[in-house]
Amino acid sequence: MRLDIISIFPEYFTPLDVSLIGKARERGTLDVRVHQLRDWTHDVHKTVDDTPYGGGPGMVMKPEVWGEAIDAVIGDGTPRMIVPTPSGRPFTQELAQELAEEPWLLFACGRYEGIDARVMAEYATRLRVDEVSIGDYVLAGGEVAVLVMVEAIGRLLPGVLGNAQSAVDDSFAPGSMRNLVEGPVYTKPPVWRGHEVPAVLMSGHHGKVARWRRDEALRRTVQNRPELAAALDPGTLDKHDRKLLEELSFRVEPEDMAN
Ligand code: SAM
């Protein structure tokens, strides 16, 4: 997969040299190219922003410099373009999975009040352009958001995770973990400062371990993410799940319970 990232702070992306993503780059699974937006400016100050039309505080990133940069980076190619912005569609595991199947992604990192909207309109005529938010809070720039997305996407590429099964069991994974967060995990020793590992995990009984994990995932989802629990597909809930949800006093619509 090829990833191009355009930013006025290329130095933000040094974390992509290490760990899983760094190894994937070394192996050639990921081809990451980071570009300095200011390389496409023409004034001595390398200006990338200007005052907003309509007035108000802050600055807006200029369309001409973005246009020149994107044209130079993509040539005649057609990457999928991702523009991080708090006003975008939410970045989810499902979207990460979808993006992991693309051969080429282009990330355009905004700063200040964002990028002049005509840049997205212009490229949407020839590329698939997604404006994407990593959460309901406002960062100073798109760089950290892109790091988040690249890590989430990169670990889904074939061969990047040591054990591909770990992505299948993760929180939000498609299938049985859809709309669920993962429960607690434990390692050795069996007792630490008086805290014991749940006995079932040491029982060697795969069925019981799977059931316990599912129960804990449901319990945690109800506790920490009730909006996700409310969106559980009734068709994915078995009798045991429903009994547990009742015990947790989690209301599921009666018609859903009938399924
Ligand atoms: N005025 C914008 C608004 O209220 O929607 C916020 C601009 S923010 C200060 C500057 C840049 O940070 C954005 O253009 C975007 O690239 C990035 N950014 C900030 N929060 C983000 C988020 N939650 N998700 C993705 N990108 C974000």
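Positions are given from 1 along the sequence.
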Undergrad: Return the CZ to CD distance between F172 and Q97, rounded to the nearest 0.5 Å.
TA: 14.0 Å

Undergrad: Mind listing the closest non-hydrogen atom pair of Y112 and M61 along with its distance?
TA: CD1-CG, 3.8 Å

Undergrad: Between the main-chain N or O of H240 and the side-chain N or O of R211, is there a donor-acceptor pair closer than 3.5 Å?
TA: no

Undergrad: Can you hop from W192 to V185 via hydrophobic side chains spaced under 4.5 Å?
TA: no

Undergrad: Roughly how far, to the nearest 0.5 Å, is CG of L218 from CG of L244?
TA: 5.5 Å

Undergrad: Identify the two heavy atoms, one from R2 and one from V73, that lie closest to each other, and give their separation to 0.1 Å.
TA: NH2-O, 3.4 Å

Undergrad: Would you call L127 and P79 a side-chain contact if the rule is heavy atoms closer than 4.5 Å?
TA: yes

Undergrad: Between the side chains of E98 and R128, is the shortest nitrogen-to-carboxylate-oxygen separation below 4.0 Å, so that they form an ion pair?
TA: yes

Undergrad: When clusters are formed by joining ILVMFWY residues with side-chain heavy atoms under 4.5 Å apart, either directly or through shared neighbours, do L37 and L139 land in the same one?
TA: yes

Undergrad: Does D17 pair with R25 as a salt bridge, N-O distance under 4.0 Å?
TA: yes

Undergrad: Is the shortest side-chain heavy-atom distance between V34 and V32 below 4.5 Å?
TA: yes

Undergrad: If you compare all heavy atoms of T187 against all heavy atoms of V197, which two are closest, and at what distance to 0.1 Å?
TA: O-CG2, 4.1 Å

Undergrad: Let's go through E216 and R214 carefully: what are the C-alpha distance in whole Å and the side-chain angles of both, what is the deciding distance for salt bridge (Lys or Arg N to Asp or Glu O under 4.0 Å) to 0.1 Å, and is it a yes or a no?
TA: CA-CA 5 Å; E216 293 307 305; R214 171 98 184 155; over 6 Å; no

Undergrad: Please confirm whether the backbone N or O of G67 pairs with a side-chain atom of Y123, one donor and one acceptor, at under 3.5 Å?
TA: yes

Undergrad: Treating D49 as the side-chain partner and M59 as the backbone partner, does any N or O pair qualify as donor plus acceptor under 3.5 Å?
TA: no

Undergrad: Could you verify whether a donor N or O on one side chain and an acceptor N or O on the other, from D71 and W40, lie under 3.5 Å apart?
TA: no

Undergrad: Could you measure the distance from the CG atom of D215 to the CG atom of L245? Nearest 0.5 Å is fine.
TA: 9.5 Å

Undergrad: Give me the atom names and distance for the closest heavy-atom approach of V119 to P63.
TA: CG2-CA, 3.6 Å

Undergrad: Heavy atoms, side chains only, cut-off 4.5 Å: are L95 and R89 in contact?
TA: yes

Undergrad: Tell me whether D43 at atom CG has more than 12 heavy atoms from other residues, nucleotides or ligands lying less than 6.0 Å away.
TA: yes

Undergrad: Please name the residue in the list L106, V146, I115 that meets the side-chain contact (heavy atoms from CB on, under 4.5 Å) test with V83.
TA: I115

Undergrad: Kindly compute the distance separating CD1 (I5) from CG (L3), expressed to the nearest 0.5 Å.
TA: 6.0 Å

Undergrad: Decide if atom CZ of R111 counts as having more than 12 heavy atoms of other residues, nucleotides or ligands within a radius under 6.0 Å.
TA: yes

Undergrad: Taking atom types as modelled, is there a side-chain donor on E68 or H42 under 3.5 Å from an acceptor on the other?
TA: yes

Undergrad: Could you tell me if the side chain of S7 sits less than 4.5 Å from the side chain of Q36, heavy atoms only?
TA: no

Undergrad: Assess whether atom CZ of R178 is packed by more than 12 heavy atoms of other residues, nucleotides or ligands within 6.0 Å.
TA: no

Undergrad: Would you say T78 and R126 make side-chain contact, with heavy atoms under 4.5 Å?
TA: no

Undergrad: Please report the interatomic distance CG(L147) to OH(Y12), rounded to the nearest 0.5 Å.
TA: 9.0 Å

Undergrad: How far apart are the closest heavy atoms of T236 and D233, and which atoms are they?
TA: OG1-O, 2.6 Å

Undergrad: Salt bridge between D241 and K239, side-chain N to carboxylate O under 4.0 Å?
TA: no

Undergrad: Within a radius of less than 6.0 Å around CD of E151, do more than 12 heavy atoms belonging to other residues, nucleotides or ligands occur?
TA: no

Undergrad: Using modelled atom types and a 3.5 Å cut-off, is there a donor and acceptor pairing between side-chain atoms of D116 and backbone atoms of R118?
TA: yes

Undergrad: Under 3.5 Å, side chain of S133 to main-chain N/O of P90, donor-acceptor pair present?
TA: no

Undergrad: Are the side chain of R38 and the backbone N or O of K46 linked by a donor-acceptor pair below 3.5 Å?
TA: yes

Undergrad: Is the closest side-chain donor-acceptor distance between T85 and E131 under 3.5 Å?
TA: no

Undergrad: Nearest 0.5 angstrom please: D130 CG to L99 CG, how far?
TA: 6.5 Å

Undergrad: Do you know the tightest heavy-atom contact between D170 and M177?
TA: O-CB, 3.4 Å

